[in-house]
Amino acid sequence: TTSTSTLPTAPINLRLYPDPIPGTIYLLWNDTSANEERFEIERKLSSDSWSGTNLAFYQVPANTTTFTNTGVTNGVSYDYNVQACNSAGCSTWSYFYGVSAPTSTTAAVSHTCGTPVYVPQDASSVQAGLNAACSGDTVYVSAGTYYENLTVQKSGLTLKGVAGTTPETVVVDGSSASTVLKVTNVTSFTVEGMTIRNASKCNCAPNGSALHISPGSSNGIFTVRNLIIRDSSYGLTLWNMTSGSFSLERSLITGLSAAGIDDGHFGSAVLYLTNNTIVGNKIGYGDSGSGGQRTIKNNIIANNSDYGIN
């Protein structure tokens, strides 16, 4: 018999699975507890606080690891959390930020694993290209401005501007709605050769992050190269990297109202910052992670109003 006199351990890796469809968001998590009696789920608008009046509350039975939220408003950004509970109380929360149901159903992209995906030739949107790609594939994006809030939950992908483009000509714009490019629960990802701009101006993370990387409980190897990251609350936020490495190379980070880079949840991984320009932000690089190794080489970190490196 499993005791309910102690708190259950918290669920982990709250994530989307499968992808949302119009009117419906699907959630999946890992159950780490042997003594929960139920799971409690909260939902809010991304623009609201967790103490707001528009909070929605749901319950599912013990040993459940999925939740289907129907009746959501298409195109509206929501945040979710889930906790395990029993008669002794509840665990801490596991969070997932900035998810929305699409306004229309996108036709599945026909794709052969091991071959590139070209946007918009093969897939009409960047997100459709990422969804179609297999681990190890590259999604090439043609010149243009793509108004999307992207989610990557597949390891081994590369996202980059197609040959002949520059970071100035391939633009992903988050429309000030939420995170522009969110990479969660994966072990590797590379992005290069584009502009990522206009996350939420909430001065919060990750909704206000142009690029948010959070491997969760996994180790990760991540490369960000030749990007322009701008006009958001945070440029780049790194969370829950327990080990592995992150490399930022030859990129411009500017116009961030909170911080260009924040690794407050970085853990013991290895961070490389090489040949970047980090200017015109409130804080250039905010390093409050515990442990790990930092190599900062040949960067220009200047004209940030509060701190260059904090």
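One is the number of the first residue; the rest follow in order along the sequence. From a predicted model like this one, the values you see are computed outputs, not experimental measurements.
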Enquirer: Asn281 side chain to Ile283 main-chain N or O, any donor-acceptor pair under 3.5 Å?
Expert: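 No; zero donor-acceptor contacts below 3.5 Å.
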
Enquirer: Check whether the side chains of Asn69 and Tyr26 place a donor and an acceptor atom closer than 3.5 Å, and report yes or no.
Expert: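 The criterion, which ignores hydrogens and geometry beyond distance, is not satisfied for Tyr26 and Asn69.
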
Enquirer: Can you hop from Val183 to Tyr140 via hydrophobic side chains spaced under 4.5 Å?
Expert: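 No, Val183 and Tyr140 fall in different hydrophobic clusters.
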
Enquirer: Under a 3.5 Å threshold, yes or no: a donor from one side chain and an acceptor from the other, between Arg15 and Asn30?
Expert: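 Yes, Asn30 and Arg15 have a side-chain donor paired with an acceptor closer than 3.5 Å.
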
Enquirer: Do the side chain of Gln153 and the main chain of Val186 share a donor and acceptor less than 3.5 angstrom apart?
Expert: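 No, Gln153 side chain to Val186 backbone: no donor-acceptor pair under 3.5 Å.
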
Enquirer: Can you confirm whether more than 12 heavy atoms, excluding those of Leu273, are under 6.0 Å from its CG atom?
Expert: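 Yes, CG of Leu273 has more than 12 neighbouring heavy atoms, counting only those of other groups under 6.0 Å.
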
Enquirer: Give the minimum heavy-atom separation between His111 and Asp137, together with the two atoms involved.
Expert: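 Scanning both residues completely, I find the closest heavy atoms to be NE2-OD2, 2.8 Å.
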
Enquirer: Can you find a pair of side-chain heavy atoms, one from Thr66 and one from Leu27, that are under 4.5 Å apart?
Expert: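 Thr66 vs Leu27: side chains apart.
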
Enquirer: So that I know where these two stand, are Phe67 and Tyr58 an aromatic pair - ring centroids less than 6.0 Å apart?
Expert: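 Ring centres of Tyr58 and Phe67 closer than 6.0 Å.
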
Enquirer: How close do Arg294 and Asp263 get, heavy atom to heavy atom, and via which atoms?
Expert: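 Here Arg294 and Asp263 meet closest at NE-OD2, 3.3 Å.
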
Enquirer: Please check this pair: side chain of Asp31 against backbone of Ser33, looking for a donor-acceptor N/O pair closer than 3.5 Å.
Expert: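 Yes, because the side chain of Asp31 sits within donor-acceptor range (under 3.5 Å) of the backbone of Ser33.
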
Enquirer: Ignoring hydrogens and angles, tell me if any N or O in the side chain of Lys160 forms a donor-acceptor pair with the backbone of Val141 under 3.5 Å.
Expert: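 Checked: no pair found.
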
Enquirer: Given 3.5 Å as the limit, does a donor-acceptor pair link the side chain of Thr24 with the main chain of Ile21, or not?
Expert: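 Flag not set: sc Thr24 to bb Ile21 has no pair under 3.5 Å.
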
Enquirer: For a quick test of reading the model, state the closest non-hydrogen atom pair linking Ser91 to Pro11 and the distance between them.
Expert: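 Smallest heavy-atom distance, with atoms named: OG-CD, 3.7 Å.
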
Enquirer: For Lys282, does the NZ atom sit with more than 12 other heavy atoms under 6.0 Å from it, leaving out its own atoms?
Expert: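 No, not enclosed.
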
Enquirer: For Thr32 and Thr9, which I'm curious about, is there any donor-acceptor pair between the side chains at under 3.5 Å?
Expert: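 Checked: Thr32/Thr9 side chains pair up, N/O donor to acceptor below 3.5 Å.
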
Enquirer: Would you check if the side chain of Ser209 reaches a backbone N or O of Asn207 as a donor-acceptor pair within less than 3.5 Å?
Expert: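 Flag not set: sc Ser209 to bb Asn207 has no pair under 3.5 Å.
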
Enquirer: Are Val72 and Leu45 joined in one hydrophobic group, where the rule is that I, L, V, M, F, W and Y side chains link up if heavy atoms are under 4.5 Å apart?
Expert: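 Looking at the clustering, Leu45 is in the same group as Val72.
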
Enquirer: Between the side chains of Asp173 and Asn198, is a donor N or O closer than 3.5 angstrom to an acceptor N or O?
Expert: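 A donor-acceptor contact under 3.5 Å links the two side chains.
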
Enquirer: For the backbone of Ala269 and the side chain of Gln293, can you confirm whether one donor and one acceptor N or O come within less than 3.5 Å of each other?
Expert: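 It does not hold such a pair.
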
Enquirer: Is a side-chain N or O of Ser142 found less than 3.5 angstrom from the main chain of Val119, in a donor-acceptor match?
Expert: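 Yes: the side chain of Ser142 pairs with the backbone of Val119.
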
Enquirer: Do Thr187 and Ser155 get their side chains close enough for a donor-acceptor pair, meaning under 3.5 Å?
Expert: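 Yes, a side-chain donor-acceptor pair sits under 3.5 Å.
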
Enquirer: Side-chain contact test, heavy atoms from C-beta onward, threshold under 4.5 Å: evaluate it for Phe57 versus Ile41 and give yes or no.
Expert: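 Side chain of Phe57 against side chain of Ile41, heavy atoms only: no contact under 4.5 Å found.
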
Enquirer: Does the plane of the ring in His212 sit parallel, tilted or perpendicular to the ring in Trp239? Use 30° and 60° as the thresholds.
Expert: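 Because their plane-to-plane angle is over 60°, the rings of His212 and Trp239 count as perpendicular.
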
Enquirer: Keeping the roles fixed (side chain from Asn276, backbone from Thr274), state whether a donor-acceptor pair exists under 3.5 Å.
Expert: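 Looks like yes, one N/O pair under 3.5 Å.
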
Enquirer: Would you please name every residue forming a side chain to side chain contact (heavy atoms under 4.5 Å, CB included) with Thr53, sequence neighbours left out?
Expert: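 In terms of side chain to side chain contact (heavy atoms under 4.5 Å, CB included), with neighbours along the sequence ignored, Thr53 is linked to no residue.
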
Enquirer: Side-chain contact test, heavy atoms from C-beta onward, threshold under 4.5 Å: evaluate it for Tyr147 versus Val172 and give yes or no.
Expert: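 Result no, sub-4.5 Å side-chain heavy-atom pair not found.
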
Enquirer: Does CD1 belonging to Ile300 count more than 12 external heavy atoms closer than 6.0 Å?
Expert: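 No, the 6.0 Å shell around CD1 holds no more than 12 heavy atoms from other groups.
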
Enquirer: Counting C-beta onward and ignoring hydrogens, is there a side-chain heavy-atom pair between Met194 and Thr165 closer than 4.5 Å?
Expert: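 Counting from C-beta outward, Met194 and Thr165 never come under 4.5 Å.
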
Enquirer: So do the side chains of Tyr80 and Leu14 get within less than 4.5 Å of each other, counting heavy atoms only?
Expert: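 Result yes, sub-4.5 Å side-chain heavy-atom pair found.
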
Enquirer: To the nearest 0.5 angstrom, please state how far the CE atom of Met241 sits from the CZ atom of Phe222.
Expert: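 The CZ atom of Phe222 is 5.5 Å from CE of Met241, to the nearest 0.5 Å.
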
Enquirer: Can you measure from OG (Ser77) to NZ (Lys44) and round to the nearest 0.5 angstrom?
Expert: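 Result: 8.0 Å between the selected atoms.
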
Enquirer: Any side-chain heavy atom of Leu181 within less than 4.5 Å of one from Val191?
Expert: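 Heavy-atom side-chain distance check passes, below 4.5 Å.
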
Enquirer: Can you give me the closest heavy-atom contact between Ala199 and Val180, atom names plus distance?
Expert: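 Of all heavy-atom pairs spanning Ala199 and Val180, the closest is N-CG2, 3.6 Å.
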
Enquirer: Distance only, no hydrogens: is a donor on one side chain within 3.5 Å (strictly under) of an acceptor on the other, for Ser125 and Gln127?
Expert: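 No - no donor-acceptor pair under 3.5 Å links their side chains.
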
Enquirer: Please answer whether the main-chain N or O of Gly208 pairs with a side-chain N or O of Ser200 as donor and acceptor at a distance below 3.5 Å.
Expert: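 Judged by distance alone, no pair lies under 3.5 Å.
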
Enquirer: Of all heavy-atom pairs between Ser232 and Ala210, which one has the smallest distance, and what is that distance?
Expert: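 Closest approach of Ser232 to Ala210, heavy atoms only: OG-CB, 3.7 Å.
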
Enquirer: Checking side-chain polar atoms at under 3.5 Å, does Thr223 have a donor or acceptor matched by the opposite partner on Glu192?
Expert: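 Not at all, the side chains of Thr223 and Glu192 share no donor-acceptor pair under 3.5 Å.
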
Enquirer: Grab the two heavy atoms, one from Asn74 and one from Gly23, that are nearest each other, plus how far apart they are.
Expert: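 Nearest heavy atoms, Asn74 then Gly23: OD1-N, 2.5 Å.
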
Enquirer: Do Ile228 and Glu168 have side chains that approach each other closer than 4.5 Å (heavy atoms only, starting at C-beta)?
Expert: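 Of all side-chain heavy-atom pairs linking Glu168 with Ile228, at least one is under 4.5 Å.
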
Enquirer: Hey, mind stepping through Ile261 and Leu248 against side chain to side chain contact (heavy atoms under 4.5 Å, CB included) and telling me if it holds?
Expert: CA-CA 10 Å; Ile261 302 171; Leu248 175 69; 3.7 Å; yes

Enquirer: Between Arg250 and Leu227, does the side chain to side chain contact (heavy atoms under 4.5 Å, CB included) criterion hold? Intermediate values first, please.
Expert: CA-CA 7 Å; Arg250 304 195 309 274; Leu227 288 193; over 6 Å; no

Enquirer: Please report the interatomic distance OG(Ser214) to CG(Leu238), rounded to the nearest 0.5 Å.
Expert: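 With rounding to 0.5 Å, OG (Ser214) is 9.5 Å from CG (Leu238).
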
Enquirer: With no hydrogens and no angle check, do the side chains of Ser257 and Asn203 hold a donor and an acceptor under 3.5 Å apart?
Expert: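 Looking only at side-chain atoms, Asn203 and Ser257 do form a donor-acceptor pair, the distance falling under 3.5 Å.
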
Enquirer: Would you say the side chains of Asp79 and Ser46 form a donor-acceptor pair under 3.5 Å?
Expert: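 Looking only at side-chain atoms, Ser46 and Asp79 do form a donor-acceptor pair, the distance falling under 3.5 Å.
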
Enquirer: If two hydrophobic side chains count as joined below 4.5 Å and joins carry through other members, does Trp93 share a cluster with Trp29?
Expert: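 No; tracing contacts between hydrophobic side chains, which count when under 4.5 Å, never links both residues.
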
Enquirer: So with a 6.0 Å cut-off around OH of Tyr307, is the heavy-atom count from everything else above 12?
Expert: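 It does not: Tyr307 OH has 12 such atoms or fewer within range.
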
Enquirer: Evaluate side chain to side chain contact (heavy atoms under 4.5 Å, CB included) for Glu42 paired with Trp50, printing each intermediate quantity in order.
Expert: CA-CA 9 Å; Glu42 290 183 340; Trp50 288 110; 3.9 Å; yes

Enquirer: Given salt bridge (Lys or Arg N to Asp or Glu O under 4.0 Å), test Lys201 with Asp231 step by step and report yes or no.
Expert: CA-CA 8 Å; Lys201 306 306 190 294; Asp231 302 335; over 6 Å; no

Enquirer: For Tyr234 and Leu256, what are the C-alpha separation, side-chain angles and deciding distance, and is it a side chain to side chain contact (heavy atoms under 4.5 Å, CB included)?
Expert: CA-CA 6 Å; Tyr234 289 85; Leu256 289 312; 5.7 Å; no

Enquirer: Indicate yes or no: at least one non-hydrogen side-chain atom of Phe96 is less than 4.5 angstrom from one of Asn81.
Expert: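 Phe96 vs Asn81: side chains apart.
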
Enquirer: Give the intermediate values and the outcome of salt bridge (Lys or Arg N to Asp or Glu O under 4.0 Å) for residues Arg38 and Glu36.
Expert: CA-CA 6 Å; Arg38 65 189 183 279; Glu36 82 275 358; over 6 Å; no

Enquirer: Could you measure the distance from the CZ atom of Arg230 to the CD1 atom of Ile253? Nearest 0.5 Å is fine.
Expert: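 Going from the CZ atom of Arg230 to the CD1 atom of Ile253 covers 12.0 Å.
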
